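In what follows, chains are A, B, ... by sequence order, proteins preceding strands, each numbered from 1. As the structure is a computational prediction, the values presented were derived from the model and not from experiment.
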There are 2 protein chains.
Amino acid sequence: MPDTTEPAERIQISVHHRELLDQVLDKWSLQVLDELCEQPLRFNELRRSIPVVTQKSLTATLRRLERNGMVDRVVVSSRPVAVEYRIASLGRSIQELIDALFHWSTEHMSDVERARARFDDEG
Amino acid sequence: MPDTTEPAERIQISVHHRELLDQVLDKWSLQVLDELCEQPLRFNELRRSIPVVTQKSLTATLRRLERNGMVDRVVVSSRPVAVEYRIASLGRSIQELIDALFHWSTEHMSDVERARARFDDEG
DNA sequence: CGGGATCCTGCAGGATACTG
DNA sequence: CAGTATCCTGCAGGATCCCG
């Protein structure tokens with residue numbers, strides 16, 4: 001697979017890496033990964049644990065994460081059909097980073113809010 | 001400031017934290033912060049260093065980052081007007097995390113691509 | 001140079017209904 | 001239960017022109 005684009009000025013993160021981070025760090029993915037890192041969950045359990053997500057968005061998020069190897073979709077039984085989502089090893093590998101991000105956001109939230117107030121005042 | 005929402009089941013990251021991370025981890029912000037961590041840049045310099053970004057998106061990204069206290073907008077001179085964007089201390093505080101994310105993405109890119117191929121094949 | 005103002009479009013994502 | 005299908009809407013974000 002030859003590299004078609006990128007003259008690579010400096011070290012420049014390629015568009016592929018941005019795309020990957022976009023798919024993994026988006027609005028819902030962060031929370032889904034966070035939840036699944038603690039325990040496997042079924043579709044509706046997951047949905048309940050992230051109250052505001054719609055079914056469609058959750059489905060799309062799970063498919064994307066599954067495609068990127070971050071979570072595993074496991075059909076457990078098949079009476080009324082039960083599906084369990086489990087964190088995959090690739091998902092595990094980013095757990096610390098996600099935790100760190102959540103930690104950073106709680107750590108610095110008040111600073112951010114002060115900055116926002118200042119910015120909005122001075123308009 | 002009393003807490004209006006959140007029954008706080010488990011520890012649950014609040015919607016505010018998600019929102020903050022959304023505003024800081026989005027498509028362009030990651031790169032802008034990355035660039036500015038290395039050196040202050042003017043608007044068009046920044047634009048050139050992130051080739052695909054449009055003027056509008058870059059402006060919006062910079063405003064958002066400025067509002068959140070992540071970057072400082074400094075009017076340097078004023079002949080044809082020169083504006084410099086500098087990383088702020090809040091921005092610095094997330095630098096390591098962003099580096100770690102880039103590092104993670106390069107580290108695991110091949111795994112992800114293999115997962116994608118598998119997923120797309122079995123479709 | 002560093003943007004602001006407009007116009008326009010795609011598509012992410014909500015609401016709703018249906019299915020194996 | 002775990003989705004798929006459809007319809008619909010907002011708005012992110014591109015293109016273009018203009019300004020101090």
Self-check item: Whichever of B/Leu62 and A/Asp26 has its nearest DNA chain C nucleotide further upstream toward 5'
Solution: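 The 5'-side residue here is B/Leu62.
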
Exercise. Check whether any side-chain heavy atom of B/Leu33 lies under 4.5 Å from a side-chain heavy atom of B/Gln95, and answer yes or no.
Key: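 No, their side chains stay 4.5 Å or more apart.
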
Would you mind reading off the distance between [X] atom [atom1] and [N] atom [atom2], rounded to a whole angstrom?
| X | N | atom1 | atom2 | value |
| --- | --- | --- | --- | --- |
| A/Glu66 | D/dA2 | CD | P | 14 Å |
| A/Glu84 | D/dC1 | CD | P | 15 Å |
| A/Ile50 | C/dG14 | CD1 | P | 13 Å |
| B/Leu58 | C/dG2 | CG | C1' | 10 Å |
| B/Leu41 | C/dG3 | CG | P | 13 Å |
| A/Arg63 | D/dA2 | CZ | P | 12 Å |
| B/Asn44 | C/dG3 | CG | C1' | 9 Å |

Self-check item: Value rounded to 0.5 Å, distance of OG in A/Ser105 from CD in B/Gln23
Solution: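 Output value for this atom pair is 12.5 Å.
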
Exercise. State the CD-CD1 distance between A/Gln31 and A/Ile98, to the nearest 0.5 angstrom.
Key: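 If we round to the nearest 0.5 Å, A/Gln31:CD and A/Ile98:CD1 are 10.5 Å apart.
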
Which nucleotide sits closest to the side chain of [X]: [options]?
| X | options | answer |
| --- | --- | --- |
| A/Val83 | D/dG3, C/dC1, C/dG3 | D/dG3 |
| A/Gln55 | C/dG13, D/dG3, C/dG3 | D/dG3 |
| B/Lys56 | C/dT6, D/dG3, C/dC1 | C/dT6 |
| B/Ser57 | D/dG14, C/dG20, D/dG20 | D/dG14 |

Quiz item: Salt bridge or not for B/Asp111 and B/Arg114, using N-O below 4.0 Å?
Solution: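 Here B/Asp111 pairs with B/Arg114 in a salt bridge, since their nearest N and O are under 4.0 Å apart.
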
Just N and O in the side chain of [X]: are any of them under 4.0 Å from OP1 or OP2 of [N]?
| X | N | value |
| --- | --- | --- |
| A/Thr54 | C/dG14 | yes |
| B/Tyr85 | C/dC1 | no |
| A/Arg42 | D/dA2 | yes |

Quiz item: Touch check for B/Arg73, heavy atoms < 4.0 angstrom, all strands: base, sugar-phosphate only, or nothing?
Solution: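 B/Arg73: backbone/sugar contact only, no base atoms under 4.0 Å.
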
Practice problem: With heavy atoms under 4.0 Å as the rule, sort A/Arg47 into base, sugar-phosphate or nothing. | Solution: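 The residue A/Arg47 makes no contact with any strand.
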
Quiz item: Is B/Glu107 atom CD crowded by more than 12 heavy atoms from other residues, nucleotides or ligands, each under 6.0 Å away?
Solution: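 Buried by this count: over 12 neighbours within 6.0 Å.
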
Exercise. With DNA chain D as reference, determine whether A/Pro80 or A/Thr59 sits nearer its 5' end, using the nearest nucleotide of each.
Key: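 Nearest nucleotide further toward 5': that of A/Pro80.
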
